Amino acid sequence: MDIPTLEQLNLSAAFPAISLALGTCLLLLVDLFLPKNRKYLTAWLALGGLAVSFIFNLFAYNSSTTALEGMFIADQFTGFSNIAVIVATAISILLSIDYLKRHQMERGEYYILLLFSATGAMFMAAANDLVVIFVALELLSIPLYIMAAFRPNDARSEESGMKYFILGAFSSAFLVYGAALIYGASGTTNLTEIFSSVEGILATQSASSLYLLAGTALLVVGLGFKVAVVPFHMWTPDVYEGAPTPVTAYMSVVAKLGGFASFLRVMIIALPALALPESTIAVWQTTLWLIAAATLILGNFVAIAQTNVKRMLAYSSIAHAGYILMAVAAAGTAGLGDSAAQAALIYLLAYTFTNLGAFAVAMVLEKTDGSNVTLDDFIGLSRRQPLLAFLMAFFMLSLIGIPTTSGFIGKWLVFQVTLEAGLIPLAIIGVLTSVVSAYYYVRIIVNMYLRENEAAVGDEGEALPGASQYVNWAIYASFAGTLILGLLPVLATNLVNTVNLATMFPR
Amino acid sequence: MVEFTLISSLPFVLALLIVWPPVRALLGRGGQTLLLTSAIALMLVVYLGYFPYVANDQVLKLDLPWVEALGLHFTLYIDGLALLFGTIVVGIGVAVTLYTGFYFDDDQETGRFYTLLMAFTGSMLLLVFAGNVLTLFIAWELTSVISFLLISFKGAKSEAARVGAMRALIITGGGGLALIAGLLILSAAAGSTQFETILNTDLRSHPWYMGFTVLILLGCFTKSAQFPFHFWLPGGMTAPSPASAFLHSATMVKAGVYLLLRLEPTLGGSALWINALIGIGLITMLIGALFALQKRDLKALLAYSTISQLGALVALIGMPESAGIKAAVIGVLAHALYKAALFLMAGIVEHSTGTRNLDKLGGLRPLMPGAAVITALACLSMAGFPPMLGFVGKETLLDAAQPEGLLTTVPLIVMIISSILTVAVSARFAWDLFFAPAKADHHEHFHRPPLGLIISTGALAFMSLIGGVLLGPLIVPLIDAAVQKEFTLYLFPPEGLASPVFQTSLAVLALGGGIFAIRRWWLTWPDLPIPTGNQAYEWVIGAVNTCGDLLLRTQNGKLRHYLITILAGLALFIILLNFALGNLVQLRNLNFAFFNPPIDALRIVLILLAIITGLGAIILKKHLMAAISLSIMGYSVGGIFLLEPAPDVALVQILVETLATVLIIIMIARLSAKQREAILSVRFNHRYSVIRDVVIAASIGTVVGLFALIAVENRPVSSSINRPIALHYLQNTYRDLKITDTVGGIVTDYRGTDTVLEITVFAMAALGLLTLLTRPESRELIYGKAVQDIDQDFKKQVRLAEQAEREYEKELGVAQNERAESRMSTPLTRKIAALVLPFALLISAAHVLYSGVAPGDGFTAGVVAGLAVALWYVVYGYFEARERLNWLVPGRVVVLGLVLTLANAIMPEVFGGQFLEHITLSETWSPAGLHFASTLFFEIGIFLTVFGGSSIIMEAIAHPRELEERDIE
């Protein structure tokens with residue numbers, strides 16, 4: 001095997017992700033020399049690293065090329081996912097600075113783990129190879145396991161990390177098994193090459209088609225776990241509740257970003273032709289839309305029964321995974337791959353802003369012992385904190401998908417592509433579960449605005465244990481994103497206008 | 001058109017302006033009232049001026065790309081119908097805006113209300129002018145949300161008010177989502193989201209007609225408070241009166257009616273349309289009128305009467321051949337005028353007397369003569385008294401419902417009954433409030449309403465009169481623009497009194513008056529036992545909650561259940577996918593000819609044993625028993641391998657099984673008595689969980705087994721050698737490598753790179769465990785230090801903890817001989833253990849040395865030695881074992897092994913060979929059948945890594961640090 005030259009590797013196309021990885025390694029060194037009481041400097045340096053990556057991403061944004069011997073694709077899809085990941089990570093860092101200090105867990109490794117995980121998500125979005133997807137998935141996940149258990153001497157945090165780790169390792173094994181079976185069937189792990197071999201395999205009707213099929217199912221399990229769709233969702237509420245809140249906020253969006261980006265790439269680039277003869281609809285579409293429907297129903301209904309807002313948001317995140325999965329399922333209809341990918345990307349960005357905002361508000365109320373985040377703790381918030389209550393209400397409306405919020409744009413696009421794919425029952429389930437979701441989101445608004453706190457209102461300082469300047473920045477940034485995307489969706493849609501997973505490579 | 005759009009966006013601009021407190025402060029209350037009222041009045045004038053442009057079915061259009069790439073447009077589509085509704089919105093809006101300026105006592109509230117009011121006006125205009133599905137939907141949901149904010153404007157003081165506000169939002173907002181689903185499907189059917197295209201497409205025969213029509217009707221019916229969704233409207237009466245007048249009678253609740261009118265040319269006329277609209281409309285009309293009759297609360301009475309009117313409008317739109325459109329349009333206008341006036345009047349009465357309860361009110365005429373006249377006018381219009389506009393509305397209504405057969409007389413009868421009841425309701429409102437004798441003395445806390453309130457209310461009421469009297473010049477042009485059909489409109493029929501419709505109208509008035517006269521008799525009747533949608537709503541909400549609770553039970557926090565779910569899901573998906581791809585993979589084509597092993601007794605016994613113990617692992621009730629059963633299964637499988645014959649694989653299988661068993665035993669020994677109790681006790685009680693586990697295990701087993709079968713049948717054929725790889729290896733190992741053990745050859749040479757990587761991963765995992773399983777403080781104490789350096793204090797702590805543990809066990813009644821440690825540490829076991837380690841090392845050495853010619857290799861050697869170490873920890877206990885194993889520093893062993901392996905792989909490259917090149921010496925020198933080659937060092941490296949790694953694991957698990965934190969209270 002010839003060792004490729006640097007030019008052949010085309011590193012510059014992959015620079016947004018690579019620069020973040022390098023920056024993180026550098027940060028690991030720098031952190032050693034930072035005194036213990038000034039670890040917040042690591043946070044600022046981490047933000048700086050993200051900014052550098054962001055700038056590189058701008059340069060690479062509209063490229064349409066591969067790097068690292070075809071294993072890495074630099075295109076608009078990658079660029080857009082990178083933006084979402086960088087923004088989400090930056091907001092999470094802002095959320096963390098004060099939180100870590102209050103919980104006596106201020107350690108520089110935290111930010112380094114966060115950045116490594118973000119790097120993993122970026123590689124996942126760009127991966128054009130099953131092996132890279134697996135490695136990137138692990139790079140994304142392992143720091144998350146550790147961060148989930150980051151709160152010292154807190155059994156719930158440790159339980160959260162342990163559960164996440166065991167189940168995560170388990171489902172990663174499925175992913176590898178699936179990749180191996182697909183490799184066995186097609187003789188390649190490169191997504192583009194898998195695509196070109198699928199038809200041939202199906203034509204022979206040999207055992208290889210079963211391998212391809214089973215491999216696909218196993219990939220769905222592995223990726224489905226990462227993005228938390230039913231029935232691979234069960235870890236979500238336990239982990240979200242136990243993990244430190246900024247970590248929960250982070251993993252609720254970035255793990256989904258990475259997971260869905262890979263999901264879309266695998267399904268649209270590699271496996272769209274996995275179809276019955278004479279059919280233009282991929283066989284996995286049925287499975288995915290059934291999963292999506294189950295996810296929507298379970299996520300939304302169980303969220304109703306929650307009293308802890310973090311847990312409620314966990315189930316809501318399961319439900320939102322269901323909406324995004326609607327778009328993935330729609331991609332199974334021939335010709336809809338690109339519009340499905342665009343819809344899913346915009347939904348993800350919209351969800352990123354909104355969900356980070358919601359978690360940030362919950363974090364502001366949360367006390368150091370993890371209490372004070374039940375529904376009842378939101379009672380009368382509009383009197384005590386009118387601005388915070390307004391922002392929370394806005395985030396809730398966006399999660400429902402009310403117009404002028406970003407959530408609406410996401411839902412609109414997803415429903416549209418689902419209908420175009422002819423999945424009318426799924427679209428109707430989506431709409432009906434949105435109604436159900438209104439029930440529990442509005443409950444928070446009702447508590448904030450329509451109910452008076454019977455107990456005497458504590459002094460202002462006690463009422464907002466988690467408030468700090470940085471957290472406020474994070475909330476304002478989330479609000480701005482949610483609002484701007486809702487009013488001027490053209491900004492986001494222009495960013496994905498040439499996403500062409502289905503047509504990038506000559507077939 | 002651009003001017004029109006700019007003018008129409010004025011309310012939004014004003015809302016944004018007065019949302020800022022400084023602007024509010026600058027303007028003051030009077031300034032705000034003046035500015036907003038004149039702005040809305042200006043809009044009214046402009047809109048009226050635009051009517052000529054939309055006459056004769058002309059349409060004004062504006063199309064701005066919003067998100068062009070995805071086909072989202074911001075489009076306005078203004079025809080006569082839209083402009084009429086827009087005019088109603090701003091017309092009523094002028095009065096409501098003026099009224100608001102005098103209604104609130106608090107300046108702050110006025111400002112807040114104005115902001116919402118302007119935002120609502122803008123949204124409502126957007127709704128009626130919307131030119132495509134999306135624009136309409138956005139406006140639709142905006143009005144729902146603002147309505148919610150207005151209902152909860154004063155803060156919901158009571159639980160009932162909260163429920164009401166939430167109910168209104170869920171029903172109208174939810175209906176909106178049904179609407180968007182319907183509209184999207186409609187757009188897909190019509191091929192465009194633009195109304196212009198949709199309205200010019202006949203969709204009545206489209207295959208999806210049923211689906212989208214039902215969804216759209218759901219949206220319209222919820223918004224326009226049709227039975228069975230009508231109950232949210234009375235619940236929304238906690239809103240301030242101007243909001244009730246504007247949103248909940250004149251405009252927002254008419255949005256559904258508007259959309260029905262808008263889509264009637266495209267969707268109307270089908271059986272579904274006619275039956276649904278007339279059926280639901282009539283029920284709503286009747287129920288609304290009936291419920292309104294007995295209400296004591298002024299606003300509740302008006303709310304139910306509004307529901308009744310909305311029902312009438314919906315029924316009219318459903319009339320076949322668009323017969324009722326004229327009546328519906330005029331009905332919308334007439335109703336908006338008189339009902340808004342009455343709601344505003346209810347606000348005035350409450351403002352002046354402090355109550356809205358008819359039982360406490362009465363005789364207000366001397367106090368408020370002007371209000372009495374206004375109320376009388378509005379009520380006359382509502383009752384349909386000539387020459388009011390309401391009379392025209394009632395006449396056209398009855399005219400449209402003229403029967404053509406027996407069946408169609410039903411609508412007419414229902415409409416007549418409802419109209420009679422409405423007359424009685426109107427009379428109650430006007431008469432009982434102003435003219436009947438007072439039931440309480442209002443003079444004490446009465447205060448005169450501000451003139452602004454009276455003027456704004458009066459304007460609306462007088463419009464009802466003027467509209468009727470000057471029907472031709474004033475109203476007809478508006479209706480003419482809105483109704484596409486030819487029509488005639490008159491106050492008094494040309495036939496005069498001979499007209500049957502006119503006679504019916506008069507009869508209705510008389511009968512209504514009669515019913516009103518005997519009100520003392522029926523007013524105290526109990527409420528009619530008609531099921532309202534509210535019970536259904538409560539039921540649905542309850543069911544939704546129950547569903548949530550039931551689904552919640554799937555989430556019990558137990559890891560093993562989560563794993564079960566993942567496995568079950570996987571099995572399900574593979575089965576599903578297989579069905580989907582059914583005719584591609586035909587399992588019956590499988591050829592079992594290859595599967596032809598010699599059948600003998602031992603084989604059968606081992607297979608049965610594996611199956612039985614596998615089942616045992618699932619159904620045995622104690623954890624320990626299940627674990628042991630699992631190990632026996634592993635040994636049986638090892639035995640089967642041995643018979644195959646695959647001695648290498650069998651060896652590894654048996655050793656790994658032993659290692660796992662030993663690990664379990666050590667862990668059980670290390671657990672506290674309480675935890676041990678839990679692990680040794682029954683692990684489940686539920687019979688069903690056993691069945692479930694068996695089913696899941698069986699399906700996963702089947703799936704994996706299937707893969708295996710197919711894999712065996714389709715043995716991979718290497719393209720370069722063109723025959724099964726296994727055969728190739730078996731035949732060529734000796735030629736290539738000069739060794740006889742093919743497995744060893746594969747591991748060390750053919751797939752040598754894989755082995756190098758694997759062993760690296762193994763070493764990393766072991767070192768990772770070292771950090772994961774130890775705490776920093778105890779690591780400093782124990783690892784990497786000779787045992788005599790171990791802190792004596794720590795030892796003491798451990799001893800104390802152990803003692804406490806024993807006492808606790810005594811309390812529990814655990815007999816001494818049942819204790820794991822004491823049972824294991826007897827003189828005999830100690831002797832055996834002392835012998836086992838050297839022997840094990842000897843066996844390991846043999847394995848390594850003969851790896852090239854016999855089964856066994858560095859890996860098995862490492863495991864064997866590791867097992868012996870494990871035995872020491874079990875028998876001697878942690879401290880003694882550490883003392884005896886002082887020479888063993890596992891971390892260093894791992895590193896040494898890894899370095900050796902890597903060096904062996906890289907060395908040849910240094911001397912000009914290839915990576916991992918095989919160098920054999922055995923041809924020149926092979927004492928005692930040994931095989932000397934570079935692979936030997938490779939095997940030694942593997943041995944050291946595995947041995948060190950397993951020692952690390954054993955030490956970490958046997959470490960007594962857990963004792964420190966034992967739960968021994």
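Predicted model, so just to flag it, every value in this text is computed and none were measured. In what follows, chains carry the letters A, B, and so on, assigned in the order in which the sequence lines appear, proteins first and then strands, with residues in each chain numbered from 1.
Between A/Asp238 and A/Arg156, none of the side-chain N atoms (NZ, or NE/NH1/NH2) sits under 4.0 Å from a carboxylate O, so this pair counts as no salt bridge.
When heavy atoms are compared at a cutoff of 4.5 Å, A/Val221 approaches chain B solely by way of its side chain, counted from C-beta outward. Contact of A/Tyr177 with chain B is made through the side chain alone, with heavy-atom distances under 4.5 Å. Heavy atoms of B/Leu218 lying under 4.5 Å from chain A are absent altogether. No part of A/Glu420 comes within reach of chain B, as not one of its non-hydrogen atoms sits under 4.5 angstrom from that chain. Contact of B/Ile180 with chain A is made through the side chain alone, with heavy-atom distances under 4.5 Å. Within the 4.5 angstrom heavy-atom criterion, only side-chain atoms of A/Ile424, from C-beta onward, approach chain B. Residue B/Trp140: no heavy atom, backbone or side chain, is found under 4.5 Å from chain A. With a 4.5 Å cut-off on non-hydrogen atoms, A/Leu419 touches chain B through its side chain but not through its backbone. Neither the backbone nor the side chain of B/Ala139 comes within less than 4.5 Å of any heavy atom in chain A. If you measure heavy-atom distances from A/Ile400 to chain B, you find no contacts under 4.5 Å at all. With a 4.5 Å cut-off on non-hydrogen atoms, A/Phe225 touches chain B through its side chain but not through its backbone. In this structure, chain A has a heavy atom under 4.5 Å from the side chain of B/Leu169, while its backbone stays farther away. Looking at A/Leu491, there are no atoms closer than 4.5 Å to chain B (heavy atoms on both sides), in backbone or side chain.
Ranked by heavy-atom pairs under 4.5 Å with chain B, the first of A/Ala427, A/Pro237, A/Ala438, A/Ser434 is A/Pro237. Ranked by non-hydrogen atom pairs under 4.5 Å with chain B, the options A/Leu167, A/Val442, A/Ile304 are led by A/Leu167.
Side-chain contact between A/Lys411 and A/Phe408: absent, with no pair of heavy atoms (C-beta onward) separated by less than 4.5 Å.
A donor and an acceptor atom, one from each side chain of A/Tyr315 and A/Asn300, are nowhere located under 3.5 Å apart.
Using a distance-only test at 3.5 Å, with no hydrogens or angles considered, no donor-acceptor pair links the side chain of A/Lys163 to the main chain of A/Thr236. Panel note: side chain A/Gln342, backbone A/Val496; a donor-acceptor pair is recorded below 3.5 Å.
For CZ of B/Phe12, the number of neighbouring non-hydrogen atoms (other residues, nucleotides, ligands) closer than 6.0 Å is greater than 12.
Between A/Ala149 and A/Gly161, the closest heavy-atom pair is CB-CA, 3.9 Å.
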Residues A/Trp289, A/Trp284; criterion side chain to side chain contact (heavy atoms under 4.5 Å, CB included); working and verdict = CA-CA 9 Å; A/Trp289 91 247; A/Trp284 43 263; over 6 Å; no

Please report the C-alpha distance between A/Glu138 and A/Ser172 in whole Å, then the side-chain angles of each, then the deciding distance to 0.1 Å, and finally whether the side-chain hydrogen bond (donor to acceptor under 3.5 Å, both in side chains) criterion is met.
-> CA-CA 8 Å; A/Glu138 291 302 297; A/Ser172 293; 2.6 Å; yes

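Evaluated for a side chain to side chain contact (heavy atoms under 4.5 Å, CB included) with A/Val283, the options A/Thr216, A/Leu274, A/Leu271 yield exactly one hit, A/Leu274.
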